[in-house]
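Shown next, in structure tokens, is the structure this report addresses.
FYI, the numbering just counts along the sequence from 1.
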Amino acid sequence: MRLIQSIVNRLLSFHREQKLLFVDPASRKPIAHIQAFAQRLWIMGDIRYMAIKYKPTNVPTHISVVSQSGELTKDCNFSVHETEDNDWVVLESSFEWPTDFQEEISVFAHFESSKAASTLVKWQYVSASRLSIENQYAITRHLPELAESPDSTPWLRKLLFSIIIPVYNPNLLYLRDCIESAINQKGPVDFEIILTVDEIDSEGKNYLSNIAKVHAFIHVHFNAEVRHISENLNQGLKLASGDYCCFLDQDDFIERNALHTIQHWINEDALPDIIYSDEDKTLSNGKPHRPIYKPDFDPYLLKSVNYVNHFLIVKRAFGNQLGWFRKGFEGAQDYDFLIRALAYEPTVVHVSKILYHWRMTPKSTATAFSNKSYAGKAMKQALMEHFNRIEKDVRLEEGKFPGMLNYYPNVEIYPDVVIFCFDSDDAKFDRMRSKELMKGGYPGQIKVVLVVDESKVSAFRKLESNFDNFFIEPVSAETTFSTNQLFRLSKKYKSPVYGVLLKNSEFVESDFLEKAIGYFNDSNVDIVSSMGVDPSGNLLHAGLIPSMQKPLGLAFMKGMSMDHPGYFRKDAVRQVTLASINGMFIRSNLLSELDDMKIPERPTVAHVDLCLGARKLGRSVLFNPHCSVRVRREDTDNLDDSDMRDQSVRSQWGETLNRSDLWFNANLSCTSERPLLRRFQTNV
């Protein structure tokens, strides 16, 4: 190892350029006949992966790791995983690093055949969460347990898929990739390909005509005049004979086992009306760039953004019932279809596998939504027509990011609201935020109840005497926060809606209550939660993720900048399984029904009892990004940090907690839109 360490300094120039030099340990002379280079190296958590490209495909017997100071040296035995690209191998080893290790390291490969050591690369030790989404996705693409493979489940029914590809002035190279991805579908699956052509040059026309002659299942229709996307799609649908119609854009391509995977999901879920899958964006050359992992079907989220997008698959009978795509909604014709489908309460299946590849061409919305500015106008029109159809009065605005819409339900009669504020260590702050709450412009009546340690009551007596809608609720120092405490408070201070604000917290928007209360217009919604932000304005959470292994309340997207769109979810009204009690608004009838369940007195898990209780009763819990709560101090006690291994919690909600979270894709890490590296992120 000392010899290897001495080589490091001599090879720094190669490290910087990420070149490799194989050296005979005895003679210290380069070995010319072995050539290789490291494409990437990742060193994180307790498991180490390296994706390495070799010419020829020599695989090292083991890897040596040397820290910059030379104090840490380790030989690691690696198992080898081959990839579909024969030049690639993924090396895997388990090696426990010191938790505080921050040095740069050099990695050496040792080859038994030539007794050679090669410097692969010099890299900074880094945690998985700090890698870019693109780099994390590059890792997952090479992990065997995440690789897509055809399901071997026996067929339960035989279906025909119609793949509809509308064509307009295509890049012929991209179009070939698109069609070939459809032709080369793996597995015993029946399909037809229908191409409807608005406009194409002579070379492209010859290509399509010839390929239709070669494959009997390919049908090409050349339109006599330009129909544009909606009518062009409808023309293809007239020619379709499949049980399900799949929509594929001319620049994009699908996984080789896409239809095979869909077939098996249909087998498991009867015959759903609509199916969609996860997808990824690729560079113009088709190289995978970043994943898009989606939640299960959420009508609330759909009203803010077309998160369904690709790979959209519709039962033909259901599409015929809706009349498919409407002229005048070009650019958002699929969104308009999905929004109209809501009226029929369709059965929708989300296939949580990446089956569709969305190419980032210069004119594609995959690159920038502004490339089709007309799509945003069509989306807004489609959503407004939906609210008019169901006779809901809403205010509709452009969202913070392109492709998003904000809708605020208007309220004719504003209900009274009681807000329970739990005292901070700062009496001055408690007085200030109480006054702010009481003098707000909310059209209904607000009562503020300050739940305060009985030893501090005197500091608020004057405030209580000056305001008719301010009340002090003394509690003993031993009193712990629980659902039962809310039950007791709600019986004393009766109101249709209750809000909760924890200590050292304040609402950010002056009209926060108006932005929250309107969502209770939906009789199925019993909880509307707020977004949490830290003192610097970064995200504390955009909903909470349940876990029986760690303290409950894993904060989704914690630390993300408010200026980063992610995949829209932090900026859209949507359903969540759990929400923070801080900034939560609750219907009184939910508290009454949960009180009847005789929930045990257990501290700090009120958000669990409320949210999972609402779910058990068939009600919705909404995350509302338009109403945010700012925590003044980083060290503020968070009442969501409770241990879900508590037996009473497991007994009451274990069945729900052990199921996968419908509104959180299991392929995501808990704190961002990054892929979940299952072997790295042991805390999830």
Side-chain angles (χ1 to χ4, degrees), residues 295 298-307 376 379-380 383-384 386-387 392-412 414-415 417 419 433 436-437 440-444 446 497-502 505-522 524-534 537-544 555-558 560-576 578-587 611 620-631 663:
D298 182 356
Y300 296 95
L301 177 57
L302 186 66
K303 292 169 191 173
S304 292
V305 63
N306 182 12
Y307 78 95
M379 284 181 63
K380 190 173 181 179
L383 187 57
M384 184 54 75
H386 164 75
F387 285 122
K392 292 289 185 182
D393 184 18
V394 302
R395 175 164 54 96
L396 195 58
E397 299 176 351
E398 300 290 336
K400 181 176 181 180
F401 300 100
M404 291 197 65
L405 296 169
N406 293 339
Y407 71 97
Y408 305 96
N410 292 321
V411 182
E412 291 185 8
Y414 285 86
V417 179
I419 299 179
R433 68 171 178 168
E436 289 295 321
L437 289 171
Y442 178 65
I446 296 180
V497 177
Y498 297 97
V500 179
L501 195 61
L502 300 186
S505 302
E506 59 188 338
F507 288 105
V508 175
E509 298 84 5
S510 59
D511 59 347
F512 70 92
L513 196 47
E514 293 175 80
K515 289 182 175 179
I517 212 72
Y519 296 104
F520 286 118
N521 280 358
D522 188 332
N524 194 51
V525 175
D526 271 2
I527 294 177
V528 178
S529 71
S530 302
M531 178 165 61
V533 296
D534 66 18
N538 292 324
L539 206 63
L540 277 176
H541 64 79
L544 304 177
F556 186 42
M557 300 189 199
K558 183 176 182 179
M560 180 179 280
S561 167
M562 299 300 292
D563 296 325
H564 193 292
Y567 192 56
F568 307 114
R569 270 167 285 184
K570 73 174 177 60
D571 300 288
V573 173
R574 57 187 172 82
Q575 295 186 79
V576 292
L578 290 178
S580 171
I581 194 70
N582 201 9
M584 181 182 286
F585 297 94
I586 313 147
R587 282 191 198 271
C611 294
S620 295
V621 178
L622 293 190
F623 165 75
N624 175 20
H626 312 309
C627 178
S628 50
V629 171
R630 179 170 51 234
V631 177
W663 319 121

Worksheet entry | Verdict with supporting geometry, N406 and E397, side-chain hydrogen bond (donor to acceptor under 3.5 Å, both in side chains) | CA-CA 5 Å; N406 293 339; E397 299 176 351; 4.7 Å; no
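Under the rule for a side chain to side chain donor-acceptor pair (under 3.5 Å), E398 has no partner lying at least two apart in sequence or in another chain. Judged as a ring-ring contact (aromatic ring centres under 6.0 Å, His included), and not counting sequence neighbours, F623 has no contacts. Under the salt bridge (charged side-chain N to carboxylate O under 4.0 Å, His left out) criterion, E436 pairs with K439, sequence neighbours left out. Evaluation of the ring-ring contact (aromatic ring centres under 6.0 Å, His included) rule for H386 yields no partner, not counting sequence neighbours. Not counting sequence neighbours, N538 has no partner by the side chain to side chain donor-acceptor pair (under 3.5 Å) test. Remark: D522 engages Y300 in a side chain to side chain donor-acceptor pair (under 3.5 Å) (not counting sequence neighbours). Scored by the side chain to side chain donor-acceptor pair (under 3.5 Å) test, D526 finds R587, R619 as partners (sequence neighbours excluded). Considering only residues two or more places apart in sequence or on other chains, Y414 meets the ring-ring contact (aromatic ring centres under 6.0 Å, His included) condition with Y442. Scanning for ring-ring contact (aromatic ring centres under 6.0 Å, His included) contacts around F512 gives F507, with sequence neighbours left out.
Proximity of M531 to N624: side-chain heavy atoms (C-beta onward) are nowhere separated by under 4.5 Å. With a 4.5 Å cut-off on side-chain heavy atoms, D393 and P409 do not count as touching. Looking only at side-chain heavy atoms (C-beta outward), Y407 and R395 stay at 4.5 Å or farther from each other. Side-chain contact between L405 and K303 is absent, with no heavy-atom pair separated by less than 4.5 Å. When side chains are defined from C-beta on, V629 does not count as touching V533, because their heavy atoms never get closer than 4.5 Å. Using a 4.5 Å heavy-atom threshold, the side chains of N582 and L501 count as touching. Residues V497 and I517 have side chains in contact (heavy-atom distance under 4.5 Å, counting atoms from C-beta outward).
Under the side chain to side chain donor-acceptor pair (under 3.5 Å) criterion, the residue pairs touching residues 508-519 are E509-S628, with sequence neighbours excluded.
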